[in-house]
Participant: 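There's a structure below that I have some questions on.
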Amino acid sequence: MSGLLVRGAPFPLTVGGDEQPARADLRRQIGRLEHQLSRLVAEAFPRLEVDATVEAAAAAPRALGLGELEQVRDRLADRIADARDALAEKAELETTNRELLKEMLARPADFKWLRISSADVGEPGCGHWHSRPRLGLLGMLMGWWRVKVSSGCPL
């Protein structure tokens, strides 16, 4: 009992026989999930921001128990699922916008004043396509529409 009262005395971490392989397996799963999350962050980087913050499981540094490791694993799995869903939604939106751009380029008069940016179709840069009348007001009255492609970022 006197050994417990001495401050700074190191105590060996005693873990049950079945708990040690389970903890190692959970740490491997967490490592795999963190790797998947980092790949999703890199894949989505210029188009979409994916939350990759690391949350502290406890206020003070200590070895996590099995339940806490499972919670960390489950939270990571949920974040990965959310990131995949967001990427799929963004890809679907970009595909729809690319199809709309093809139609707009084929028939500019059907898409009057529509403006599609490069970011909307998943391309880098700050250019855009804009359906507008040729020769201003006269072109608008005569039905002369065209798609004007911007030169990119202003100076």
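Below, all heavy atoms of this structure are taken into account, side chains as well, without hydrogens, waters or symmetry copies. Just so it is clear, the structure is predicted and the values come from calculations on it, not from any experiment.
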Participant: Grab the two heavy atoms, one from R98 and one from V121, that are nearest each other, plus how far apart they are.
Facilitator: NH1-O, 2.7 Å
Participant: Which residue pairs satisfy the disulfide bond (SG atoms under 2.5 Å apart) criterion with at least one member in residues 22-125, sequence neighbours excluded?
Facilitator: none
Participant: Quick one: list whatever passes side-chain contact (heavy atoms from CB on, under 4.5 Å) with T96, sequence neighbours left out.
Facilitator: none
Participant: Which residue pairs pass the disulfide bond (SG atoms under 2.5 Å apart) test when at least one of the two sits in residues 24-58, sequence neighbours left out?
Facilitator: none
Participant: Are Q36 and R39 close enough that some pair of their side-chain heavy atoms sits under 4.5 Å apart?
Facilitator: no
Participant: What's the shortest heavy-atom distance between G127 and S150, and which atoms?
Facilitator: CA-OG, 3.1 Å
Participant: Enumerate the residue pairs fulfilling ring-ring contact (aromatic ring centres under 6.0 Å, His included) with a member in residues 47-98, sequence neighbours excluded, ordered by first and then second residue.
Facilitator: none
Participant: Please identify each residue that fulfils salt bridge (charged side-chain N to carboxylate O under 4.0 Å, His left out) with R27, with sequence neighbours left out.
Facilitator: none
Participant: For residues 59-78, which residue pairs pass the salt bridge (Lys or Arg N to Asp or Glu O under 4.0 Å) check, not counting sequence neighbours?
Facilitator: E55-R75, R62-E68
Participant: State the NE2-CG distance between H130 and L114, to the nearest 0.5 angstrom.
Facilitator: 8.0 Å
Participant: Can you list the residues that meet the side-chain contact (heavy atoms from CB on, under 4.5 Å) rule with V41, with sequence neighbours excluded?
Facilitator: V50, A52
Participant: So, taking the atom named CZ in R79 and the one named CG in L40, what distance separates them when rounded to the nearest 0.5 Å?
Facilitator: 11.0 Å
Participant: Hey, could you give me the CD1/CG distance between I30 and L64, rounded to the nearest 0.5 Å?
Facilitator: 7.5 Å
Participant: Are L93 and L100 connected in a single hydrophobic cluster, I mean Ile/Leu/Val/Met/Phe/Trp/Tyr linked by side-chain heavy atoms less than 4.5 Å apart?
Facilitator: no
Participant: Can you list every disulfide bond (SG atoms under 2.5 Å apart) pair that touches residues 62-129, not counting sequence neighbours?
Facilitator: C126-C153
Participant: Under 3.5 Å, side chain of R134 to main-chain N/O of G139, donor-acceptor pair present?
Facilitator: no
Participant: Please go through L138's hydrophobic cluster and name the other residues, only I, L, V, M, F, W, Y counting, with side-chain heavy atoms under 4.5 Å joining them.
Facilitator: L135, M142, W144
Participant: Under 3.5 Å, which donor-acceptor pairs do the side chains of residues 80-88 form with other protein atoms, sequence neighbours left out?
Facilitator:
none

Participant: Suppose the criterion is ring-ring contact (aromatic ring centres under 6.0 Å, His included): which pairs have a residue in residues 97-127, not counting sequence neighbours?
Facilitator: W113-W145
Participant: Might you point out which heavy atoms bring P108 and S131 nearest each other, and give the distance in Å?
Facilitator: O-OG, 2.8 Å
Participant: For a quick test of reading the model, state the closest non-hydrogen atom pair linking M140 to P133 and the distance between them.
Facilitator: N-CB, 3.5 Å
Participant: Please check: side-chain N/O of D120 versus main-chain N/O of N97, any donor-acceptor pairing under 3.5 Å?
Facilitator: no
Participant: Please test R23 against L26 for side chain to side chain contact (heavy atoms under 4.5 Å, CB included), starting from the C-alpha separation and ending with a verdict.
Facilitator: CA-CA 5 Å; R23 291 170 58 80; L26 283 170; 5.7 Å; no
Participant: Hey, are the side chains of W129 and S117 touching, using non-hydrogen atoms and a 4.5 Å cut-off?
Facilitator: no
Participant: Considering only residues two or more places apart or on different chains, which pairs with a residue in residues 19-65 satisfy ring-ring contact (aromatic ring centres under 6.0 Å, His included)?
Facilitator: none
